[in-house]
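Worksheet: the structure to be examined is printed underneath.
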Amino acid sequence: MKNIAILCSGGDVSGMNPALKHFVEYSLQRGLTPYFVYDGYEGLIDNNIFKAGYEDVSGIIIRGGTKIGSARSKRFMQSEYRTIAKKNLDAHAIDMLIVLGGDGSFRGLHAFYQEHKIKFCGIPSTIDNDINGTDYCLGVDTALNIIKISIDSIRDTASSFRRAFVIETMGRDCGYLALVSSLTSGAELCLIPEVSYDLSVHEQQFKEQIKNGRRYFIAVVSEGIKDESQTIADWFEDKIGIESRVSVLGHIQRGGNPTIYDRLMAYKFVNHAINALMNGKEESIVCYAKSGFELRSIEEVVSKRKELDPELLSCLANV
Ligand code: F6P
């Protein structure tokens, strides 16, 4: 029997647990022995590696986060620790590794591959949806749904009080979550790091709208914009003349019961990852594009910054 391991690295996402469950089930079905590496690359270095079975994954499909833990490992950025990690994998006779993670995790994996030629397959997993080469990263749909519920709730208070709400989403340097949430929640203003803005262009129009009966504003801003959210709220008070509040959604966006879409995508990503490794593909990332699932080289995935969909961006100009 061949041994295969899986680990989660970087920010957790809802969808990792369904992926772990299917990893165990599909590995066993394909005649492989599945292993869990606990706490990301830290677990590879510390030999926190254990055989996994059905009992480890029972009931986890409905839970966000990851049962095997995740970490942002600084040690794995250093070559001496990657050598230890390789020795630990060898000690368990593991020669296939699946990594659920974001671009930072893949950069670490790239270095690991270049030095030790481990056979791996990456599954893009980050709510930021900022990985080049894939249209979808695991966890994005659940995060968007949580943001949707939050904005819908805040709208009730905004309209009751005649207020402007500045709602800050995660995304690091990528505005995807804010952009999609703004479009699908009907926000009046959306600010993202990819597009420069000048608030003064909205002043006349927003004041006019209040005169014509508008009671509230919803502004969705990404955490990566040049200003603090409070600065945008102050602008609403000072220049538009409406009471304002800031709501930073924070880590609630990362957790929660995985949506059907994320459970399904977890299942498909894992199928493609295990199949790729069993078909002899030594290093790849499973990407999801309009044409379906595709394996791309890690070089391609980590070498370029992901561009936002121009169709979505063009809608931004109309907000
Ligand atoms: O990459 C996922 C993410 O949630 C980003 O959107 C955010 O900037 C960051 O992680 C927060 O990281 P941490 O959980 O370490 O505070």
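As the structure lists them, so they are numbered: ligands from 1, and atoms in each ligand from 1. Numbering starts at 1 and runs along the sequence shown. Because the structure is predicted, anything quoted here is derived from the model rather than measured.
Separation of the Phe293 and Phe269 ring centroids falls under the 6.0 Å cut-off. When ring centroids are compared, Tyr261 and Tyr136 come within the 6.0 Å threshold.
Ligand 1 places these atoms under 4.0 Å from at least one heavy atom of Asp128: 1 (O), 2 (C), 3 (C), 5 (C), 6 (O). Atom numbering of ligand 1 starts at 1 in the shown order; those under 4.0 Å from a heavy atom of His251 are 13 (P), 14 (O), 16 (O). Less than 4.0 angstrom separates some heavy atom of Gly171 from each of these atoms of ligand 1: 6 (O).
Gln253 does not count as a contact of ligand 1, since none of its heavy atoms falls under 4.0 Å from the ligand. No heavy atom of Gly102 sits closer than 4.0 Å to any atom of ligand 1.
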Q.
What verdict does the side-chain contact (heavy atoms from CB on, under 4.5 Å) test give for Ile98 and Ile4, after you've listed the backbone C-alpha separation in whole Å, the side-chain angles of each residue and the deciding distance to 0.1 Å?
A. CA-CA 8 Å; Ile98 294 180; Ile4 184 167; 4.1 Å; yes
Q. Could you walk me through whether Leu199 and Lys239 pass the side-chain contact (heavy atoms from CB on, under 4.5 Å) check?
A. CA-CA 10 Å; Leu199 291 175; Lys239 301 289 184 192; over 6 Å; no
Q.
I'd like to know whether Leu44 forms a side-chain contact (heavy atoms from CB on, under 4.5 Å) with Ile49, so could you lay out the CA-CA distance, the side-chain angles of the two residues, the decisive distance to 0.1 Å, and finally the verdict.
A. CA-CA 7 Å; Leu44 267 192; Ile49 304 170; 4.1 Å; yes
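Nearest protein neighbour of atom 12 (O) of ligand 1, counting heavy atoms only, is Arg72 NH2, 2.9 Å.
Summarising the local packing, CD of Gln204 is surrounded by 12 or fewer heavy atoms from other residues, nucleotides or ligands at distances under 6.0 Å.
Comparing heavy-atom distances from atom 4 (O) of ligand 1 across Glu223, Arg172, Arg254 singles out Arg254 as nearest.
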